[in-house]
Peer 1: 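One structure, as structure tokens, below. Some questions next.
Bear in mind that the values here come from a model prediction, so they are computed numbers and not experimental data.
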Amino acid sequence: MKAYLDNSATTLPTKESADKVYEMLSEKFGNPSSFHKPGLDAQLEVRKARSIISDALSCEDEEIYFTSGGTEANNLAIFGAAYANKRKGNRIVTSAIEHESVLQSVDELENQGFEVVRLQPDRYGNITEEQIFEAVSKDTILVTMMYINNEVGSVLPVKSIKKAVKKAGAPALIHIDCVQAFGKVEVKPSKLGADLLTVTAHKIHGPKGVGALYIKKGARIIPRTYGGEQERKIRPGTEASPLIAGFGTAVSQIPDLKVQSEKIHLINEYAKQHLQAIDGVIINSGEYASDYIINLYIPTFMTSQTVVQHFSSKYGVYISNGSACAKGKKSHVLTAMHLSDNIIEKSVRVSFSRNTTKEEIDMLITAVRETVKDYPNK
């Protein structure tokens with residue numbers, strides 16, 4: 001038996017989603033922009049997927065724009081909003097614990113002369129509503145923040161952004177990265193006050209290589225690429241219809257969120273109870289963090305990357321030493337939380353999905369307990 005506990009990096013696609021991808025590749029392989037039957041068959045599948053996703057987000061079909069994933073959607077939202085509104089102001093507000101696709105995008109905009117305000121988290125990765133209100137000024141043209149942090153699971157007060165923008169009288173567009181939230185908690189742009197919102201397929205048991213950007217009707221952004229009529233010129237290029245159809249299938253299989261949340265909460269509580277009973281283990285995730293993510297310090301002389309490899313080879317337990325996109329770099333999230341270098345270097349992320357079982361958690365607990373015993377911190 002293996003224990004796959006790296007679901008914030010990616011999830012196992014459902015059989016139905018994988019079958020839909022294969023069906024599109026083998027039977028409905030036409031270009032969805034072509035007017036013959038194979039093309040129209042593909043186009044219908046793209047339309048169907050768009051409708052499924054818009055229904056899940058409680059928005060209109062034409063507000064969904066397909067991309068190659070969350071990173072592209074975040075880039076499109078951030079650069080597109082900044083360039084569209086640069087004559088209205090110069091300030092961009094974000095947090096210091098965003099995904100790299102957001103951080104590196106705002107870094108580039110800062111290099112181009114935009115003012116970037118990065119809100120700093122507390123010891124548990126929390127950002128407060130008060131910080132948002134203090135940061136948003138009348139010159140703010142974009143606020144971009146994640147709903148749920150991908151490394152420690154902290155839930156950011158994104159519902160407060162619209163109130164802060166309104167109070168400041170700012171022309172800002174609001175972008176919310178919901179990659180770690182979609183399929184786990186309710187995500188509805190209208191309730192979140194979002195003008196732009198990012199989701200992706202491979203975090204919800206769909207295929208990699210496809211995501212979507214919600215753009216509120218009336219919100220204007222500048223495209224990043226040119227060369228076609230697809231996605232209403234916002235994201236031109238032949239649509240990846242097999243992946244899009246697989247995305248739609250995965251969204252259609254999202255279970256009742258209340259039932260799913262209750263199950264994951266019990267899994268989370270069980271894991272934390274037994275992990276904290278191991279001498280020296282520290283939970284870095286806060287009390288109100290998402291139940292899908294536990295970031296913990298393991299008191300061993302091994303670095304987190306070595307622990308990940310050790311768990312994989314000896315125990316068949318698959319976890320992460322941070323964001324998969326960082327590829328082993330020191331965690332900017334834990335650094336922003338002002339944790340010590342020792343804790344940062346020896347902390348790992350455990351992340352769950354609706355498929356996670358108690359047996360997998362027991363395997364994790366065994367791996368942590370035996371590693372702490374066999375390879376104690378020096």
Side-chain angles (χ1 to χ4, degrees), residues 17 20-87 101 105 108-109 142 144 173-179 182 189 194-202 206-252:
S17 178
K20 175 56 74 171
V21 173
Y22 181 72
E23 175 194 341
M24 296 295 295
L25 287 169
S26 59
E27 299 176 24
K28 299 181 180 181
F29 56 85
N31 188 316
S33 294
S34 297
F35 289 103
H36 47 58
K37 187 179 187 304
L40 294 174
D41 287 344
Q43 184 184 128
L44 287 173
E45 292 285 357
V46 170
R47 288 182 181 175
K48 179 181 177 182
R50 199 187 307 275
S51 181
I52 290 170
I53 295 165
S54 67
D55 284 348
L57 295 174
S58 295
C59 65
E60 297 182 25
D61 291 5
E62 54 266 34
E63 293 176 309
I64 299 298
Y65 296 79
F66 289 115
T67 68
S68 63
T71 291
E72 185 189 1
N74 284 342
N75 273 255
L76 177 57
I78 292 166
F79 285 103
Y83 293 155
N85 292 317
K86 62 183 179 181
R87 294 182 180 177
S101 61
S105 293
E108 174 57 28
L109 287 171
L142 171 66
T144 174
L173 289 177
I174 298 169
H175 169 242
I176 302 178
D177 178 353
C178 289
V179 164
F182 187 49
D195 300 296
L196 308 162
L197 186 147
T198 300
V199 294
T200 197
H202 75 108
K208 299 170 186 63
V210 62
L213 178 65
Y214 159 85
I215 305 177
K216 183 178 179 181
K217 188 176 290 186
R220 177 176 172 267
I221 67 171
I222 302 297
R224 297 281 288 155
T225 51
Y226 299 86
E229 301 293 321
Q230 297 91 345
E231 300 306 296
R232 298 173 292 289
K233 290 189 173 184
I234 291 295
R235 202 277 189 178
T238 301
E239 295 98 334
S241 51
L243 301 180
I244 290 171
F247 188 6
T249 299
V251 172
S252 72

Peer 1: How close do Gly209 and Leu243 get, counting heavy atoms only, and between which atoms?
Peer 2: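 Looking at all heavy atoms of both residues, the shortest contact is O-CD1, 3.6 Å.
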Peer 1: Identify, with sequence neighbours excluded, every residue that meets salt bridge (Lys or Arg N to Asp or Glu O under 4.0 Å) alongside Lys233.
Peer 2: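 Counting only residues at least two positions away or on another chain, Lys233 forms a salt bridge (Lys or Arg N to Asp or Glu O under 4.0 Å) with Glu229.
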Peer 1: A side-chain contact here means heavy atoms from C-beta on lying under 4.5 Å apart; do Leu197 and Phe182 qualify?
Peer 2: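 No; the side chains remain at least 4.5 Å from each other.
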Peer 1: Counting only N and O atoms by type, is there a donor-acceptor contact under 3.5 Å from the side chain of Asp195 to the main-chain atoms of Ile174?
Peer 2: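 At least one qualifying donor-acceptor pair exists.
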Peer 1: Which value, rounded to the nearest 0.5 Å, describes the distance between Ile215 atom CD1 and His175 atom NE2?
Peer 2: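 Atom-to-atom, Ile215:CD1 and His175:NE2 are 10.0 Å apart.
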Peer 1: Side chains of Ile234 and Leu213, heavy atoms from C-beta outward: is any pair under 4.5 Å?
Peer 2: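 Answer no - side chains too far apart.
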Peer 1: With a 3.5 Å distance limit and no angle check, can you tell me whether Ser252 reaches the backbone of Thr249 through a side-chain donor-acceptor pair?
Peer 2: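 Yes: the side chain of Ser252 pairs with the backbone of Thr249.
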Peer 1: Please name all residues satisfying side chain to side chain donor-acceptor pair (under 3.5 Å) with Lys28, sequence neighbours left out, ordered by chain then number.
Peer 2: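 Listed in chain order: Glu23, Glu45.
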Peer 1: Holding to side chain to side chain donor-acceptor pair (under 3.5 Å), I want the full list of residues that pass it with Ser34, two or more places apart in sequence or in another chain.
Peer 2: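 Checked Ser34 against side chain to side chain donor-acceptor pair (under 3.5 Å); zero matches.
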Peer 1: What are the two closest heavy atoms between Val21 and Gly246, and how far apart are they?
Peer 2: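 So the minimum-distance heavy-atom pair works out to CG2-CA, 3.9 Å.
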Peer 1: With the side chain counted from C-beta on, respond yes when Gln230 and Phe66 share a heavy-atom pair under 4.5 Å apart, and no when they do not.
Peer 2: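 SC-SC contact between Gln230 and Phe66 ruled out.
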Peer 1: Could you work out, with side chain to side chain contact (heavy atoms under 4.5 Å, CB included) as the rule, every residue matching Lys217, not counting sequence neighbours?
Peer 2: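 With sequence neighbours excluded, Lys217 shows a side chain to side chain contact (heavy atoms under 4.5 Å, CB included) to Glu60, Glu62, Glu63, given in chain and number order.
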Peer 1: Looking at Gly30 and Ser241, what are the two nearest heavy atoms and their distance?
Peer 2: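 Where Gly30 meets Ser241 most closely, the heavy atoms are O-OG, 4.3 Å.
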Peer 1: Within a strict 4.5 Å, meaning less than it, do heavy atoms of the Leu142 and Ile78 side chains meet?
Peer 2: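 SC-SC contact between Leu142 and Ile78 confirmed.
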Peer 1: Rounded to the nearest 0.5 Å, what separation is found between the CG atom of Asn85 and the CG atom of Leu173?
Peer 2: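 With rounding to 0.5 Å, CG (Asn85) is 4.5 Å from CG (Leu173).
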Peer 1: Any heavy-atom pair between the side chains of Leu25 and Glu27 that's under 4.5 Å?
Peer 2: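 In short, these two side chains do not touch, never coming nearer than 4.5 Å.
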Peer 1: Of all the heavy-atom pairs spanning Ala194 and Ile176, show the shortest one and how long it is.
Peer 2: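 That closest heavy-atom pairing would be CB-CD1, 4.0 Å.
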Peer 1: Within this structure, what is the CG-NE2 distance for the pair Asp41 and His36, rounded to the nearest 0.5 Å?
Peer 2: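 Reported to 0.5 Å precision, the distance equals 10.0 Å.
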Peer 1: Could you list the residues that satisfy side chain to side chain donor-acceptor pair (under 3.5 Å) with Ser101, not counting sequence neighbours?
Peer 2: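 If we apply the side chain to side chain donor-acceptor pair (under 3.5 Å) test to Ser101, skipping adjacent residues, the hits are Asn74, His99.
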Peer 1: For the OG1 atom of Thr71 and the CG atom of Leu76, what is their distance to the nearest 0.5 Å?
Peer 2: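 These two atoms lie 12.5 Å from each other.
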Peer 1: Could you tell me if the side chain of Tyr214 sits less than 4.5 Å from the side chain of Ile53, heavy atoms only?
Peer 2: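 No, side chains not in contact.
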Peer 1: Work out which heavy atom in Thr67 is nearest to a heavy atom in Ala212; give both atom names and the distance.
Peer 2: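 What the structure gives for the nearest pair is OG1-N, 3.8 Å.
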Peer 1: Taking all non-hydrogen atoms of both residues into account, name the closest pair between Ser51 and Ser54 and its distance.
Peer 2: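 The pair with the smallest heavy-atom distance is O-OG, 2.9 Å.
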Peer 1: Is the shortest side-chain heavy-atom distance between Tyr83 and Leu109 below 4.5 Å?
Peer 2: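 Yes - at least one pair of side-chain heavy atoms lies under 4.5 Å apart.
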Peer 1: Atom SG of Cys178 and atom CG of Leu196: how far apart are they, to the nearest 0.5 Å?
Peer 2: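 Those atoms lie 11.5 Å apart.
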Peer 1: Please test Asn75 against Ser105 for side-chain hydrogen bond (donor to acceptor under 3.5 Å, both in side chains), starting from the C-alpha separation and ending with a verdict.
Peer 2: CA-CA 6 Å; Asn75 273 255; Ser105 293; 3.2 Å; yes
Peer 1: When rounded to the nearest 0.5 angstrom, what is the spacing between CZ in Arg50 and CD1 in Ile244?
Peer 2: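 Here the rounded value is 7.0 Å.
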Peer 1: More than 12 non-hydrogen atoms from neighbouring residues, nucleotides or ligands closer than 6.0 Å to OH on Tyr226, yes or no?
Peer 2: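 Enclosed: over 12 neighbouring heavy atoms sit under 6.0 Å from OH of Tyr226.
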Peer 1: For Arg235, enumerate each residue passing the side chain to side chain donor-acceptor pair (under 3.5 Å) test, keeping only those at least two apart in sequence or located in another chain.
Peer 2: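 If we apply the side chain to side chain donor-acceptor pair (under 3.5 Å) test to Arg235, skipping adjacent residues, the hits are Glu72.
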